[in-house]
Amino acid sequence: MTDIQNGNAGAPEKKKTVLSAVQPSGNLTLGNYFGSLSRFGEFTEMFDCYYCVADLHSITVRQVPAELRRHTYEVYALYIACGLDPKENVLFVQSHVHEHAELGWILDCYTMFGELSRMTQFKDKSAKHADNVNAGLFTYPALMAADILLYQADYVPVGADQKQHVEIARDIATRFNGAYTPTFTVPEAYIPKEGAKIMSLQEPTKKMSKSDKNENASIYILDSRDDIIRKFKRAVTDSDTCVRVGEGKDGINNLITIYSCCTGKSAEEVECEFDGRGYGEFKLAVGEVCADKLSPVKDKFDELMADKASLGALMKEGAEHASYRASRTLSKVKRKIGFVEI
Ligand code: TRP
């Protein structure tokens, strides 16, 4: 994004639009928290914001039905627990707004086989799930383009791994606009600054991932205080003893990043604070600040999850709002293509 301060510039009567989505597959990690969830609130005031729980995307990989349902409630509640006010942001579940699947199909027909074949995530995921390389896994970027283009989103806050998918959404929008007349806003990815990239606690050269098999590798947003502290105690470091950022010290670098993210202190300040103190003490301190950071989120989350009926009512309201905007775009698309209206 070129200038985040200027969401409203040039057209004060019309706010620009932000859209993002999180898949309800697996437990969300500290990486998801610092990289996306905790930052989404920054956009609320200046933009029209849409945040989606992308359940249609999740079924490209086999899901246990009861878990998918639970994770959908959880991601929805986490959006709110992480600071998104459902009155100020449109929070909705993708499968509740049928326009996504519909535009997804249409955009499949404006997306090239060659383009999709080049997607790194497709290559990675088809290697990882070799027994289930389904068509949905392949055309997933066209559905993601539909998510974005339905709302005429200007900005799409995502992690660096999703940049390629936003690029293809731009290409699809441009292609469609060129084939007919301007229909879609061409979106831009907004990638948070480097530094917030959280790595695995066990293999610190790898990104912390919600699908990591090793429980100790990831801190989940909903982990208990004891689990958080225990996992940090076991975090992989190096044979040095000095809490300093350095080459080849991936474990310590990662812990310093996490400590910075939790406290707002710079890496230099963290180094000073722990000057002359050992790794053991540092790991314990990281665990504590991290648990402190996540505990209000968890409290709010527990409160929301205790009342599924109210969450359901919010989902319904969100879906209605989203659908209003989405259906306008979809009608326009259908008209341009030449579908008969009734
Ligand atoms: N593909 C994204 C991910 O796996 C989730 C997603 C689905 C998304 N639709 C989107 C992100 C639209 C941004 C915009 O993280």
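The first residue in the sequence is number 1, and the count goes up from there. As the structure lists them, so they are numbered: ligands from 1, and atoms in each ligand from 1.
- Of all the atoms in ligand 1, the ones that sit under 4.0 Å from a non-hydrogen atom of Val158 are 11 (C), 13 (C).
- With ligand atoms numbered from 1 in the order given, ligand 1 contributes 12 (C), 14 (C) to contacts under 4.0 Å with heavy atoms of Leu19.
- Aromatic ring pairs are classed by plane angle as parallel below 30°, tilted from 30° to 60° and perpendicular above 60°; the pair Phe122 and Phe138 is perpendicular.
- Closest heavy-atom approach to atom 2 (C) of ligand 1 among the candidates Gln94, Lys125, Gln121, Gln162: Gln162.
- Ion pair Lys249/Asp240 flagged as a salt bridge, since at least one NZ, NE, NH1 or NH2 atom sits closer than 4.0 Å to an Asp/Glu carboxylate oxygen.
- Classification of Asp212 and Lys206 as a salt-bridged pair holds, one side-chain N sitting under 4.0 Å from a carboxylate O.
- When only non-hydrogen protein atoms are considered, atom 9 (N) of ligand 1 lies nearest to Asp147 OD2, 2.6 Å.
- Nearest heavy atom pair, residue Ser25 against residue Gln63, reads CB-NE2, 3.6 Å.
- No heavy atom of His165 sits closer than 4.0 Å to any atom of ligand 1.
- An N or O contact shorter than 3.5 Å links Tyr140 to ligand 1 by distance.
- The shortest contact between atom 5 (C) of ligand 1 and any protein heavy atom is with Ala21 O, 3.7 Å.
- In Val166, neither the side chain nor the backbone holds a heavy atom less than 4.0 Å from any atom of ligand 1.
- Heavy atoms of Val156 found under 4.0 angstrom from ligand 1 belong exclusively to the side chain.
- Aromatic pair Tyr50/His321: ring centres not closer than 6.0 Å.
- Between Phe47 and Phe43, the ring planes lie perpendicular to each other; the angle is over 60°, past the 30° to 60° tilted range.
- Taking the six-membered ring where the residue is Trp, Phe274 and Phe282 present perpendicular rings, their angle passing 60° and hence far from 30°.
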